[in-house]
Colleague: 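Below is one structure. I have some questions about it.
We're numbering straight along the sequence, starting at 1.
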Amino acid sequence: MTQYLISFDEAAMTLPEGELLEVAKAAHAVEQEARDAGVWVFGGGLKDHGEASVVGTDGSVSDGPKGDGTGHLGGLAVVDVASRDDAVKWAARIARACRCPQQVREFMPDPTA
């Protein structure tokens, strides 16, 4: 089994007023299906990137990245599946539920494990 990150850009999720609850219910339903299938590892939505903290290599802390939201992670799921095709199938289900495209990336194996 291999773990994959399924994620979306914060700017990709643009919903009409009042539809967030419906999308959240659909996303939670897919999460439950993934749990039931035994492939769910972890996941969730992220608060606005403006609330992030950036920690420098020297330990300094500053307010989060600025900008229009492009290129900022909006939410993620980690699944542990047999193949990339399986990860893509879960990403398609998440995309339908969240109403936005999803990116699929394989975690690199840890050579020390």
Side-chain angles (χ1 to χ4, degrees):
M1 299 289 270
T2 303
Q3 291 186 344
Y4 289 85
L5 173 69
I6 299 171
S7 62
F8 65 91
D9 184 274
E10 182 177 89
M13 186 180 268
T14 55
L15 302 171
E17 182 89 22
E19 292 188 18
L20 183 59
L21 184 58
E22 183 180 330
V23 168
K25 285 181 183 178
H28 287 125
V30 174
E31 175 185 337
Q32 189 58 55
E33 292 169 14
R35 286 180 187 277
D36 294 345
V39 300
W40 184 261
V41 176
F42 176 81
L46 299 173
K47 283 192 162 192
D48 183 275
H49 72 277
E51 297 183 31
S53 296
V54 176
V55 181
T57 56
D58 62 356
S60 62
V61 180
S62 62
D63 289 339
K66 306 293 183 222
D68 61 3
T70 348
H72 299 288
L73 192 60
L76 62 102
V78 177
V79 294
D80 194 4
V81 294
S83 69
R84 181 173 192 79
D85 286 342
D86 290 340
V88 167
K89 288 175 186 172
W90 282 106
R93 294 170 86 170
I94 293 169
R96 281 190 299 276
C98 294
R99 302 181 192 172
C100 65
Q102 302 291 309
Q103 186 179 117
V104 177
R105 297 178 68 185
E106 182 178 340
F107 278 95
M108 294 173 49
D110 182 352
T112 65

Colleague: For Phe107, give me all partners under side chain to side chain contact (heavy atoms under 4.5 Å, CB included), at least two apart in sequence or on another chain.
Modeller: Gln3, Leu5, Val78
Colleague: Could you go through residues 26-35 and list every donor-acceptor pair under 3.5 Å that involves a side-chain atom there, pairing it with any protein atom two or more places apart or in another chain?
Modeller:
| from | atom 1 | to | atom 2 | distance (Å) |
| --- | --- | --- | --- | --- |
| His28 | ND1 | Ala24 | O | 2.9 |
| Glu31 | OE2 | Arg35 | NE | 3.0 |
| Glu31 | OE2 | Arg35 | NH2 | 2.7 |
| Gln32 | NE2 | Asp36 | OD1 | 2.8 |
| Glu33 | OE1 | Arg93 | NE | 3.4 |
| Glu33 | OE1 | Arg93 | NH2 | 2.2 |

Colleague: If you compare all heavy atoms of Glu10 against all heavy atoms of Lys47, which two are closest, and at what distance to 0.1 Å?
Modeller: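 Reported closest heavy-atom pair: OE2-O, 4.0 Å.
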Colleague: Under the 4.5 Å side-chain heavy-atom rule for ILVMFWY, direct or indirect, which residues accompany Met108?
Modeller: none
Colleague: Let me check something: any side-chain donor-acceptor pairs from residues 85-92 under 3.5 Å, sequence neighbours excluded? List them with distances.
Modeller:
| from | atom 1 | to | atom 2 | distance (Å) |
| --- | --- | --- | --- | --- |
| Asp86 | OD2 | Ser83 | OG | 3.4 |

Colleague: Restricting to side chain to side chain contact (heavy atoms under 4.5 Å, CB included), what partner residues turn up for Arg105, sequence neighbours left out?
Modeller: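 Gln103.
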Colleague: Only one of Leu46, Ile94, Leu73 forms a side-chain contact (heavy atoms from CB on, under 4.5 Å) with Ser7, so which one is it?
Modeller: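 Output: one option passes, namely Leu73.
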Colleague: Identify, with sequence neighbours excluded, every residue that meets side chain to side chain contact (heavy atoms under 4.5 Å, CB included) alongside Ala95.
Modeller: Gln102
Colleague: Once side chain to side chain contact (heavy atoms under 4.5 Å, CB included) is applied, do any residues pair with Glu17, and if so which ones, sequence neighbours excluded?
Modeller: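 If we apply the side chain to side chain contact (heavy atoms under 4.5 Å, CB included) test to Glu17, skipping adjacent residues, there are no hits.
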Colleague: For residues 51-62, which side-chain donor-acceptor pairs fall under 3.5 Å, sequence neighbours excluded?
Modeller:
| from | atom 1 | to | atom 2 | distance (Å) |
| --- | --- | --- | --- | --- |
| Asp58 | OD1 | Ser60 | N | 2.9 |
| Asp58 | OD1 | Ser60 | OG | 2.7 |

Colleague: About how many Å separate CG of Asp80 and OG1 of Thr2, when rounded to the nearest 0.5 Å?
Modeller: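 One gets 7.0 Å once the value is rounded to the nearest 0.5 Å.
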Colleague: What residues, two or more places apart in sequence or in another chain, satisfy salt bridge (charged side-chain N to carboxylate O under 4.0 Å, His left out) together with Glu106?
Modeller: none
Colleague: Side-chain heavy atoms under 4.5 Å apart, restricted to Ile/Leu/Val/Met/Phe/Trp/Tyr: what other residues fall into the cluster of Met13, or is it alone?
Modeller: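 Members other than Met13 - counting any ILVMFWY side chain reachable under 4.5 Å - are Phe8, Leu15, Leu20, Val23.
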